[in-house]
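Inspection log for the structure reproduced underneath, given as structure tokens.
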Amino acid sequence: MSRRIKGLLFGVLTGLVGVILGLTPLGSDFEKYVGLDWLFQVRGPIEPPPEVAVVAINERDIDGLGLPKLPRDWPRSIHGQLIEQLVARGASTIIFDMDFQRPKDADDDAEFARAVAAAERVVLFERLNGKRQPMYDMNGELTGTIWVEELVPPIPELAEAAKALAPFPVPKVQVNVYQFWPFKPSAGDVPTMPSAALQVHALPVLERFLDVLERAGTEGLEGLPRRPADVGRAAGVDQLMYRLRSAFAGDPDLAGRVGEVLAGDWGQEALSADERRLIRALAGLYSGPDNRYLNFYGTPGSIPNIPYNAVLKGGSETVSAAALDFTGKVVFVGFSDLYDPGQPDRFYTVFTNEDGVDLSGVEIAATAFANLLTDRSLKPLGAVATAVILMLIGLVLGTGIYLLPAIAAVPLALVFSGLYVAGVQTSFEALDLWMPLAVPMLVQLPLALFVGLLAQYLTEAHSRKQLKAVFGQYVPPEIVDEMSRNPEGSFSVEGESRELSVLFCDIRSFTTISESLAADELKKLLNYFFTPMTRIIFDKRGTIDKYVGDMIMAFWGAPVHDPGHRRHAVEAALAMLEQLAAMQAEIRERNWPAINIGIGINTGMMNVGDMGSEYRRAYTVIGDAVNLGSRLEGLTKYYGVGLIVSETTAEGLDDLVLRCLDRVKVKGKNEPVTIYEPVGLSGSVSAELADEVEQSNRALDQYFAGSLEEARSAFQSLHDAWPKRKFYTLYLERIATLQSQGIGEDWDGVFEHTTK
């Protein structure tokens, strides 16, 4: 399986982990308790709408009013006085988050009820009790239990006087509060406190709302009251809300059509901006889900908390006159203490103060109402969108980290994650859109980093092991390390065509040597010879192809690309000749026969790769250029030199002193090749040797030009000066033969070798 496919599969796996976790209750809770908390904390507090306020009951208010310490012991007539003050100060709707289900003093209860009825805008708390009841079969056997919820209204006088009755929108839990119910499905879709408050607050636009619904093609509106006065009190409001909820539930596209009517010409001309805003809020209330996420405004008191006694007395030293202006506001009344962590009605939230002060229940209800009024409750992504996002994140992170080198994968993954977090935070703050954050960043990202980098490590470790197994005996250790550090680099064991330099080194007269030594001595001699020669080849970044008897075959330019392969091959050959000269003394001491070698080097296009059969394979080179290198090694004995290189190898090696040896056609090749003997680097060759090579090259130029007599004279002078140089004797003999036979007009100086 290819690495890319493995990377893609790992990306899919990372995505699936996120999808499976993100769509389970465990993942949902993880997102709420970690991801959502992060989004709120980074965003910080925001301004609530000005239409909502809380009238707070706490111990300081009790002291100011001279009432009993426990509010349950207060005379209820005091709440009637509060209603009168709020109505006088312009409150649109008044909601009591207090339990009035038990009768108290009859006169006080009656006075409170008269104030509630006169106000025509008061929503009272209706307790929602839930309990399990046993279920029995026809034989009286217990078959199980069923959860039953019942509404417990306040005392009859108050229930009849209230404009609406509604339960609290949030269950009492011991962990963070995040959600509220606009309608309670388990209790017959009864509207909760914030929903009833919104409908009572919006009663002045009821007729306009029904006009919009009719223009939007809504069915089932017959018989609904059109004027606020015709709605009646609690039963009428409850029936109105039930009918409207049913209309939207039966027509999922209705909310969209309402928006089109409001945005159209009629809506813009016939309705004021405030009317359009309230109608949008009502459409959002009735068309939205039963369970919604609270969009908190901040720490306790973010929604203005006005002391109960300040409202009742008409002002105080700590409350300004502006704060007591409730014109058009929806006022929630209940227990709220911004300083006491032990207040009786409290809920832990992401914005709980450091000193332990939680949001009060009444401020939670006010927050839910404000969310409905502005259509700013949080909008979590649906299951399909969440699954798509988590899968895409998994694919990007998993595949990218698996395939990219760790040095690039880690920073790129962090940059991608940072951009995603920034996008999620921006969407949360600008659009109230809640996208998955905890699962991608705290599960998928660490998983992708850990498993992806571990897989890279194991893969690279396996690659290193393979590389060492394949190349360790043929390639210098530093090149193996270089390949190990970059196993995806510019090398491959697969067959490919490259320009390389190949070297053949052979011990001359090896048959005679082997016949003169015992087997164990011959082995020692070969080991003594091969070890330093191999070290030189490795030092010059060469690759050992094979040892065949007394022959070494090596090449340069693979498996790692080497732009200087020509130079490295020639430098290795010169060093090998120098090393052999230094070894001769010890060879004599060991009573071994003297060793002489011939080295041939050629450069050209060769096929290199892992080749062989299923039984045995080797990393080797093949091709005509390889064969020519072998032929050049065979010519060293003919020309009496230790090293011969082809013209393609000599090309570009300007700082080498090169003796031109011949233009030849070797056996099996039709094209002539100019061959050279490198005698050393320009700076390391003696002036005498450099002068000799220059004279030799001029003599050979005369020979190639067909000036045989001038060439003979020059070679004779060279022979006289260096009589042991076989090369000069060879040309004197060749010229003598040519002079006796004559040369034709097509003379080009090319000599054809008919033997290997």
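Numbering of residues begins at 1 and proceeds along the displayed sequence.
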Can you see which heavy atom on L23 is nearest to which on A387, and at what distance?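 In terms of heavy atoms, the two residues are closest at CD1-CB, 4.2 Å.
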Sequence neighbours excluded, which residues qualify as ring pair (Phe, Tyr, Trp, His ring centres under 6.0 Å) partners of F704? none
Is [X] reaching over with its side chain to a backbone N or O of [Y], donor-acceptor style, under 3.5 angstrom?
{"X": "S630", "Y": "V626", "value": "no"}
{"X": "Q584", "Y": "I595", "value": "yes"}
{"X": "D545", "Y": "V621", "value": "yes"}
{"X": "S682", "Y": "D655", "value": "yes"}

Given side chain to side chain contact (heavy atoms under 4.5 Å, CB included), test Y676 with L656 step by step and report yes or no. CA-CA 11 Å; Y676 299 86; L656 279 177; over 6 Å; no
Contact between [X] and [Y] at the side-chain level, heavy atoms closer than 4.5 Å - yes or no?
{"X": "T636", "Y": "L643", "answer": "no"}
{"X": "I675", "Y": "E647", "answer": "no"}
{"X": "C505", "Y": "M576", "answer": "yes"}

Cation-pi check for Y731 against R734: NZ or CZ below 6.0 Å from the six-membered ring centre and within 45 degrees of the axis, yes or no?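 Yes, a cation-pi geometry.
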Between Y639 and F727, how do the two ring planes meet: parallel, tilted or perpendicular, split at 30° and 60°? tilted
